[in-house]
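Start at 1 with the first residue, then count along the sequence.
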Amino acid sequence: MSTPPPSTQSAVARRLAEAELRRLGTTFAPAHQRLLGAMRRWLRKRLPGVHELVYEYTGFLVISYSPDERGYEGVFALRASADGVKLYFNRGKGLPDPTKLLQGSGGQTRWIQLEGASTLARPAVLRLFAEALARNRVPFATTGRGPVVIRSVSAKPRQRRPAAVHRKR
């Protein structure tokens, strides 16, 4: 397989996307903002040509780490919400996990709750990361700087009702 070409995102477009991403992150606790920033730096250091695809949902923010502009080819994702930051392995169901770190029961995705940046230094987490990369079908660019792309931003966050409240028709 060939490596995707490096990003062609202009410096202005990158600054605008980074500013928007910072704005989206301000809805979370300062500790979660710092942890999200540390995780982004950790992932970009290991995957220099990675495409960061940002999706905003009601109550949480997801950054997909993909070898190209197609989010469905993302290998990893960060999810920030009021309850913290999680590292997702998009094809985590088949990863060998003898220490049972991976959580979740979906058809393919598994995640790890990140208590701090030091979580990523644990040997078991590094093994999961390396194995997920080895199993990836589309290689990441090893040079250049991948773009930050804001894919969806809610114009107005939708208000959710508590699950127990139902209206009669």
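- In this structure, CZ on Arg40 lies 4.5 Å from CG on Leu21, to the nearest 0.5 angstrom.
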Problem - Verdict with supporting geometry, Arg44 and Glu18, salt bridge (Lys or Arg N to Asp or Glu O under 4.0 Å) - result: CA-CA 14 Å; Arg44 285 190 312 229; Glu18 288 285 354; 3.7 Å; yes
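- Residue Ser64 comes nearest to Gly71 through the heavy atom pair OG-O, 3.6 Å, listed as atom of the first residue, atom of the second, then distance.
- Using a 4.5 Å heavy-atom threshold, the side chains of Leu126 and Leu120 count as separate.
- In this structure, the separation between CD1 on Ile63 and CG on Leu53 is 10.0 Å, given to the nearest 0.5 Å.
- For CZ of Arg70, the number of neighbouring non-hydrogen atoms (other residues, nucleotides, ligands) closer than 6.0 Å is greater than 12.
- Contact record, Ser81 with Phe60: CB-CB, 3.7 Å, taken as the closest heavy-atom pair.
- Arg110 places a side-chain N or O within 3.5 Å of a backbone atom of Gly104 that can act as its donor or acceptor partner.
- Side-chain atoms of Arg41 come within 3.5 Å of backbone N or O of Gly37 as a donor-acceptor pair.
- Applying side chain to side chain contact (heavy atoms under 4.5 Å, CB included) to Phe76 and the options Phe89, Tyr88, Trp111 leaves one that passes, Phe89.
- Under the 3.5 Å distance criterion, the side-chain polar atoms of Gln9 are matched with a main-chain donor or acceptor of Val148.
- For Glu20 and Arg23, the salt-bridge test passes: some basic side-chain N is under 4.0 Å from an acidic carboxylate O.
- Side-chain contact between Phe129 and Leu43 is present, with at least one heavy-atom pair separated by less than 4.5 Å.
- One finds the CZ atom of Phe140 at 8.5 Å from the CG atom of Asp68 (value rounded to the nearest 0.5 Å).
- Across Phe28 and Gly59, no two heavy atoms sit closer than the pair CE2-O, 3.9 Å.
- Closest approach of Leu128 to Pro96, counting heavy atoms only: CD2-O, 3.3 Å.
- No side-chain heavy atom of Val75 sits less than 4.5 Å from a side-chain heavy atom of Asn90.
- Rounding to the nearest 0.5 Å places CG of Leu114 at 10.5 Å from NE2 of His32.
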Exercise for the section: Could you walk me through whether Leu78 and Val62 pass side chain to side chain contact (heavy atoms under 4.5 Å, CB included), step by step? Expected result: CA-CA 6 Å; Leu78 291 174; Val62 173; over 6 Å; no
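- Side-chain atoms of Glu69 do not come within 3.5 Å of backbone N or O of His51 as any donor-acceptor pair.
- One N or O on the side chain of Arg14 and one on the backbone of Gly146 form a donor-acceptor pair closer than 3.5 Å.
- Rounding to the nearest 0.5 angstrom, the gap separating the OG1 atom in Thr119 from the CG atom in Leu35 is 7.5 Å.
- Within the 4.5 Å cutoff, no side-chain heavy atoms of Leu61 are placed close to those of Thr27.
- Looking only at side-chain heavy atoms (C-beta outward), Gln33 and Leu36 stay at 4.5 Å or farther from each other.
- Atom CD in Gln108 sits 6.0 Å away from atom CZ in Arg91 (nearest 0.5 Å).
- Of all heavy-atom pairs spanning Asn136 and Glu73, the tightest one is OD1-O, 4.3 Å.
- Using a cutoff of 4.0 Å between basic side-chain nitrogens and carboxylate oxygens, Arg127 and Glu131 are not scored as salt-bridged.
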